[in-house]
*Asks:* 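Once you've had a glance at the structure underneath, I'll fire off some questions.
Keep in mind it's a predicted model, so treat the numbers as computed, not measured. Just so we're on the same page: letters track the sequence lines, and every chain starts at 1.
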Amino acid sequence: MVKASQQELEKYKKLQKKYTPPRPWFRNAIQAFLIGGAISMAGEAVRQFFIFGMGMSPKTAGPPTSSVMIFLGALLTGIGIYDQIGRVGGMGAALPITGFSNSIVSPAMEFKREGWVMGVGARMFTVAGPVIVYGLLTAFAVGFVQFALTGGKG
Amino acid sequence: MPSASTFLYAFLIGGLLCVLAQLVVDVIKLTPASTMVLFVSLGAIASGIGLYEPLTKFAGAGATVPLPGFGHVLVQGISEGMSKKGFMGLFAGGLEAAAMALTVAIIIGYLTSVLFNPKG
Amino acid sequence: MGVAVKDAAQEQVKPGAKHLGKQTLVFTTRPGVAATGAIAGPMEGKGPLGSLYDEVTADTILGQKTWEQAEVKMLEKAVSLAVQKAGFQPGEIDFVVCGDLLNQLGASSFAARTLDRPHLGIYGACSCWTEAMIVGSVMVDGGYATRVAIGASSHHDTAERQFRYPTEFGGQRPPTATWTTTGAGGACIVDQSDPGIAGYPRITHGTVGRVVDIGVKDPYDMGSAMAPAAADTIVTHLRDTGRLPTDYDLIITGDLGRVGKALTMDLAAESGFNLEPVLDDCGLHIYYDHQDVHCGASGCASSALVYSSNLHRKLISGEIRRLLLVATGALFSPTSYQQGESIPGIAYAVAIERAEQPQKGASANA
């Protein structure tokens with residue numbers, strides 16, 4: 001045989017369904033909620049520190065808060081804990097900026113053995129790169145529409 | 001001083017955004033990487049139509065720490081850039097606003113890879 | 001199921017004396033498996049077969065600089081150990097046949113560099129173990145070699161970083177996922193002139209599988225992708241040899257996992273063979289459930305370790321009289337997967353019979 005027809009695949013999928021354990025979506029959602037919520041709350045504590053402890057405005061406290069969270073995500077990845085948080089938390093660990101940091105640090109560490117340029121340098125943004133690319137493209141499109149509507153007066 | 005409710009809202013909104021992302025992975029079956037990309041873009045769009053700024057006021061880090069907050073920062077930076085520099089700001093504003101986070105990510109990411117080895 | 005298993009009626013049975021039916025080779029001189037070597041990683045060492053491996057490594061890096069080098073070391077050790085246990089000097093081995101999962105057969109080629117014997121590198125993804133057994137048996141049975149060493153290896157971390165995400169990436173694994181086994185198996189296949197032959201399990205048949213692609217695309221569900229190939233090879237083997245499933249004490253697949261095993265059973269049943277009483281899967285014997293590996297073990301080392309540690313002993317002791325070992329492979333690459341291709345499967349079966357003079361107690365600690 002070469003390749004199954006669409007019909008055969010459909011038939012097989014029915015059989016497959018019978019034996020495939022269902023994705024525990026409800027449990028995953030609860031875990032994502034708890035882990036994602038906890039990381040966000042930790043972020044809030046950092047933000048409050050910059051606002052009340054350092055006297056920053058809520059707006060200027062944003063970048064340093066992100067930076068601290070990126071540092072924490074990197075540290076937990078470095079000592080080998082973040083992948084375990086991710087196994088439990090799923091997107092609850094991936095979606096916060098600590099997960100963004102994990103997605104940068106994990107390939108950087110992993111491909112260090114392939115050298116500093118084509119290993120670390122090139123692979124660092126395998127997951128984070130697309131996030132930046134599409135984030136910036138969308139933001140540009142949104143900004144462009146705003147520009148067209150308001151003439152750039154914001 | 002910060003009130004307890006600030007933390008509660010951060011927890012709830014941050015958690016809920018993650019639940020939405022988790023459902024995208026489990027129900028629509030996107031990969032985690034694609035979901036991250038999707039949510040950054042959604043954040044940028046939500047910011048553009050004026051939904052995200054109120055959310056950050058309400059939930060603080062609950063809205064800014066998850067990735068949609070990154071999309072929001074980019075859009076905010078672009079509108080700010082446009083109000084200061086006009087058309088040029090459309091190009092410069094996004095990364096200007098994200099500059100600190102990205103630079104920190106690169107420096108910390110690099111240093112971590114120097115200091116640590118993967119455990120497997 | 002119609003796809004995987006075509007009617008036996010439509011193929012022409014032609015072949016030389018050693019080619020039976022459609023895809024089966026008969027090894028008339030019945031090459032013997034003189035000895036095996038099983039090197040397992042630490043997590044595998046904590047599994048059900050932990051006490052049966054020749055060596056359980058303390059960590060997954062083995063004092064090397066990279067995981068790839070660690071896998072090479074494991075493969076070298078497993079093959080050398082098999083040769084040594086068979087009572088041969090490395091130089092007495094005619095050929096080495098090895099396979100693994102890495103790009104361009106990274107582990108096999110570098111292990112062969114050290115083993116320094118003429119080398120055939122083979123690729124069948126996780127089916128390398130039985131593919132190597134077939135190639136080795138052909139060489140011995142055909143009179144081209146008197147002793148062939150075979151080996152197969154896989155390593156969780158080398159496989160993860162090549163096929164999926166970096167090992168420290170915080171991703172979640174779906175319930176259909178299997179866990180790539182860290183370890184290597186080696187064996188020494190000898191011809192009938194070997195003085196110890198009466199005490200060795202004998203390889204009688206090999207069935208070379210077809211590439212079967214049902215269209216599954218999820219790399220986290222390889223059991224489903226490979227089950228049609230496993231069923232196809234098993235059914236073809238039974239038809240080619242005119243045997244029934246119960247002619248075997250055990251028909252054991254390589255790394256289908258729970259889901260793949262159930263699917264294989266159903267597919268074979270559609271072709272009229274009830275595998276229920278004899279079918280098992282090596283991937284279900286590497287880890288305990290509480291080791292949280294979801295659907296079971298996968299990787300070349302799954303079938304290689306289970307055979308080298310446990311099945312081989314049982315064939316020597318006579319506890320298993322006739323075994324059909326069917327290692328299964330998912331023939332995809334990161335490139336083919338990213339380009340949207342489905343995952344083709346393959347399976348190679350070898351029939352192995354117990355030693356002519358079974359030695360009781362050979363599997364005392366089994």
*Asks:* Tabulate, in ascending numerical order, the residues of residues 42-53 of chain B having at least one heavy atom closer than 4.5 Å to a heavy atom of chain A, or enter 'none'.
*Replies:*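 The stretch touches chain A at B:Ala44, B:Ile45, B:Gly48.
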*Asks:* For B:Val114, is it the side chain, the backbone, both or neither that has a heavy atom under 4.5 Å from a heavy atom of chain A?
*Replies:*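 Looking at B:Val114, backbone and side chain both touch chain A.
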*Asks:* So B:Phe39 and A:Leu95, side chain to side chain contact (heavy atoms under 4.5 Å, CB included) or not? Walk me through it.
*Replies:* CA-CA 8 Å; B:Phe39 271 67; A:Leu95 199 66; 3.7 Å; yes
*Asks:* Please examine the side chains of A:Met91 and B:Pro66, heavy atoms only from C-beta on, and report whether any two atoms are closer than 4.5 Å.
*Replies:* no
*Asks:* Going through the distances and angles, do B:Met100 and A:Ser67 end up as a side chain to side chain contact (heavy atoms under 4.5 Å, CB included)?
*Replies:* CA-CA 7 Å; B:Met100 182 167 174; A:Ser67 304; 3.5 Å; yes
*Asks:* Who wins among B:Ile108, B:Leu90, B:Val75 for the most heavy-atom pairs under 4.5 Å with chain A?
*Replies:*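 Sorted descending by pairs with chain A, the first entry is B:Leu90.
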*Asks:* Give the member of A:Ser106, A:Ser40, A:Pro63 that has the highest number of heavy-atom pairs under 4.5 Å with chain B.
*Replies:* A:Ser40
*Asks:* Output the option from B:Ser41, B:Gly62, B:Gly71, B:Gly94 having the highest count of non-hydrogen pairs under 4.5 Å with chain A.
*Replies:*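 Sorted descending by pairs with chain A, the first entry is B:Ser41.
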*Asks:* Would the distance check show the side chain of A:Lys112 and the main-chain N or O of B:Phe116 forming a donor-acceptor pair, the cut-off being under 3.5 Å?
*Replies:* yes
*Asks:* Minimum heavy-atom separation for A:Arg47 to B:Ala61, with atom names?
*Replies:*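 The answer is NE-N, 3.8 Å.
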*Asks:* Would a distance-only check, ignoring hydrogens and angles, find a side-chain to backbone donor-acceptor pair under 3.5 Å from B:Gln22 to A:Ala32?
*Replies:*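 Judged by distance alone, no pair lies under 3.5 Å.
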*Asks:* What part of B:Leu23 lies closer than 4.5 angstrom to a heavy atom of chain A: side chain, backbone, both or neither?
*Replies:*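 Just the side chain, heavy atoms under 4.5 Å.
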*Asks:* Based on non-hydrogen pairs under 4.5 Å, which of B:Val40, B:Ile13, B:Thr56, B:Ile107 is most in contact with chain A?
*Replies:* B:Val40
*Asks:* Between B:Ala99 and chain A, which part of the residue has a heavy atom less than 4.5 Å away: side chain, backbone, both or neither?
*Replies:* neither
*Asks:* OH of A:Tyr134: more than 12 outside heavy atoms within 6.0 angstrom?
*Replies:* no
*Asks:* So which residue, B:Thr35, B:Leu95, B:Thr64, ends up with the most heavy-atom pairs under 4.5 Å with chain A?
*Replies:* B:Leu95
*Asks:* Step through the shown structure and confirm whether more than 12 heavy atoms of other residues, nucleotides or ligands are within 6.0 Å of CZ on A:Phe144.
*Replies:*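 Open.
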*Asks:* Please check: side-chain N/O of B:Lys119 versus main-chain N/O of A:Gly78, any donor-acceptor pairing under 3.5 Å?
*Replies:* yes
*Asks:* Please flag which part of B:Tyr110 lies under 4.5 Å from any non-hydrogen atom of chain A: side chain, backbone, both or neither.
*Replies:*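 It is both, since atoms from each part get that close.
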*Asks:* Which answer fits B:Ile106, side chain, backbone, both or neither, if we ask what part of it has an atom under 4.5 Å from a heavy atom of chain A?
*Replies:*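 Contact with chain A: backbone and side chain both.
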*Asks:* Go through the atoms of B:Phe87 and report whether side chain, backbone, both or neither lie under 4.5 Å from a heavy atom of chain A.
*Replies:*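 Contact with chain A involves both backbone and side-chain atoms of B:Phe87.
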*Asks:* Do the non-hydrogen side-chain atoms of B:Ser113 and A:Trp116 ever get within less than 4.5 Å of each other?
*Replies:* yes
*Asks:* Which region of B:Leu67, side chain (C-beta onward) or backbone (N, CA, C, O), has a non-hydrogen atom less than 4.5 Å from a non-hydrogen atom of chain A, or is it both or neither?
*Replies:*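 Both backbone and side chain.
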